[in-house]
Amino acid sequence: MMNYEPGGAPTEPPSHPPPPAIEARGLTVVRGDRTVLRGLGFTVRPGSITGLLGPSGCGKTTLMRAVVGTQAKATGDLQVLGHPAGHPALRPRIGYVTQAPSVYTDLTVRQNLDYFAAVLHPGRAHRDARNDAVTRAIGDVDLTTRADALAGALSGGQRSRVSLAAALLGTPELLVLDEPTVGLDPVLRRDLWDLFHRLAADRGTALLISSHVMDEAERCHRLLLMRDGRILADDTPEALRRRTRTATVEEAFLRLVDEAAPITEEASR
Ligand SMILES: Nc1ncnc2c1ncn2[C@@H]1O[C@H](COP(=O)(O)OP(=O)(O)OP(=O)(O)O)[C@@H](O)[C@H]1O
């Protein structure tokens with residue numbers, strides 16, 4: 001079958017369309033004596049922003065850890081950029097930013113990023129490319145004027161942005177961000193969401209972003225609403241609001257929670 005551009009010449013579909021950024025089928029994770037993720041199935045497309053929302057403890061971080069390959073006791077099928085999650089080939093292709101910023105407080109912003117860039121692309125031959133990547137990443141997160149400040153002298157929100165810049169260094173195809181906007185003021189939150197949209201649109205990056213902030217959900221292309229280790233809904237914000245006849249994603253989420261059968265402590269083991 002051929003694709004037709006409106007008013008243009010027919011174009012052949014690419015012979016090898018890119019695989020989904022993430023494809024989960026029956027993903028189950030046990031932590032301690034608890035089943036924390038319960039047979040999840042979902043797909044994340046390249047160039048899209050997927051919001052992962054749900055109450056504290058519902059399994060968002062566990063799901064992200066499974067995607068980046070750091071979660072033990074994950075069963076089912078979890079493919080990432082065409083490889084099983086955790087495959088060594090995925091390391092340079094995924095950026096992961098945890099809730100706790102991982103930066104060296106006794107180095108400047110630029111020194112931190114120089115260090116991470118050297119780990120990613122060691123050797124003198126890559127020095128110019130490394131410098132360019134560091135300068136670009138610092139600009140991406142709007143820290144150019146603080147590039148020579150010690151990371152220990154930055155605010156919490158600025159330190160989180162250094163972590164994000166480190167994740168952007170390798171131009172990852174998949175960015176997994178655990179609550180990246182916590183502690184940021186509204187202007188910075190808006191600027192970061194603009195950056196996320198630019199990364200998706202211009203670089204084709206897939207982003208999986210967890211958040212507690214429901215108004216951020218409206219900025220995502222798709223939403224995974226989670227509760228008690230299950231996916232309550234996997235849809236666009238607009239479709240969710242329409243389906244639940246609500247005005248906001250927050251109301252849609254509360255309606256879906258009310259409709260869902262409660263999971264007893266006994267059944268959760
Ligand atoms: N190291 C651990 N050992 C056993 N259980 C754990 C461990 N870490 C987390 N859990 C449990 O796994 C469940 C999911 O935790 P997870 O951190 O994935 O939730 P979350 O949705 O990311 O929460 P938050 O929004 O508060 O970060 C919780 O019930 C938690 O108690």
Side-chain angles (χ1 to χ4, degrees), residues 21-42 44 49-78 80 85-86 94-103 156-157 159-161 163-164 167 174-184 189 192-193 196 206-220 222-235 237 240 248-250 252-258 260-269:
I22 307 172
E23 181 135 57
R25 296 287 166 254
L27 174 64
T28 296
V29 170
V30 176
R31 297 185 88 167
D33 64 349
R34 287 177 60 90
T35 304
V36 172
L37 299 184
R38 310 165 162 273
L40 305 192
F42 65 92
V44 171
I49 302 178
T50 301
L52 189 53
L53 292 120
S56 182
C58 71
K60 301 182 295 295
T61 300
T62 305
L63 172 54
M64 294 186 147
R65 285 164 52 94
V67 168
V68 301
T70 58
Q71 181 60 56
K73 296 198 182 165
T75 55
D77 188 28
L78 182 58
V80 178
I94 302 177
Y96 177 38
V97 183
T98 60
Q99 285 181 26
S102 39
V103 296
R159 267 203 292 274
S160 310
R161 281 186 283 149
S163 274
L164 176 59
L174 171 63
L175 258 185
V176 178
L177 308 177
D178 203 346
E179 306 215 13
T181 59
V182 165
L184 299 186
R189 280 209 292 146
L192 267 193
W193 275 95
F196 300 155
L207 294 99
L208 180 66
I209 303 177
S210 72
S211 178
H212 275 112
V213 187
M214 286 288 178
D215 67 357
E216 293 190 336
E218 306 283 351
R219 300 171 189 246
C220 298
R222 284 193 81 82
L223 296 173
L224 297 174
L225 298 187
M226 284 185 69
R227 186 181 178 230
D228 292 331
R230 294 185 200 279
I231 292 177
L232 277 188
D234 173 1
D235 223 328
L240 263 177
T248 65
V249 169
E250 179 157 13
F253 180 69
L254 292 173
R255 170 118 357 137
L256 290 166
V257 166
D258 287 344
I263 293 173
T264 62
E265 201 45 37
E266 190 60 28
S268 76
R269 290 184 194 281

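Numbering of ligands and ligand atoms starts at 1, following listing order.
The side chain to side chain donor-acceptor pair (under 3.5 Å) search around Arg159 returns none, not counting sequence neighbours. In this view, Arg222 and Asp234 satisfy the salt bridge (Lys or Arg N to Asp or Glu O under 4.0 Å) rule, not counting sequence neighbours. In this structure Phe42 satisfies the ring pair (Phe, Tyr, Trp, His ring centres under 6.0 Å) test with no other residue, sequence neighbours excluded.
Across Met226 and Cys58, no two heavy atoms sit closer than the pair CE-O, 3.5 Å. Residues Ala217 and Leu223 approach most closely at O-CD2, 3.6 Å, considering heavy atoms.
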Does ligand 1 have any N/O atom under 3.5 Å from a protein N/O, and what are those pairs and their distances?
| residue | atom | partner | partner atom | Å |
| --- | --- | --- | --- | --- |
| ligand 1 | 8 (N) | Arg31 | NH1 | 3.4 |
| ligand 1 | 8 (N) | Arg31 | NH2 | 3.4 |
| ligand 1 | 18 (O) | Thr61 | N | 3.4 |
| ligand 1 | 18 (O) | Thr62 | N | 2.9 |
| ligand 1 | 18 (O) | Thr62 | OG1 | 2.5 |
| ligand 1 | 19 (O) | Gly59 | N | 3.4 |
| ligand 1 | 21 (O) | Gly57 | N | 3.4 |
| ligand 1 | 21 (O) | Cys58 | N | 3.2 |
| ligand 1 | 21 (O) | Gly59 | N | 3.0 |
| ligand 1 | 21 (O) | Lys60 | N | 3.0 |
| ligand 1 | 21 (O) | Lys60 | NZ | 3.0 |
| ligand 1 | 22 (O) | Thr61 | N | 2.8 |
| ligand 1 | 22 (O) | Thr61 | OG1 | 2.8 |
| ligand 1 | 23 (O) | Gly57 | N | 2.8 |
| ligand 1 | 25 (O) | Lys60 | NZ | 2.8 |
| ligand 1 | 25 (O) | His212 | NE2 | 3.4 |
| ligand 1 | 26 (O) | Ser56 | OG | 2.6 |
| ligand 1 | 27 (O) | Gln99 | NE2 | 3.2 |

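Glu218 places a side-chain N or O within 3.5 Å of a backbone atom of Val249 that can act as its donor or acceptor partner.
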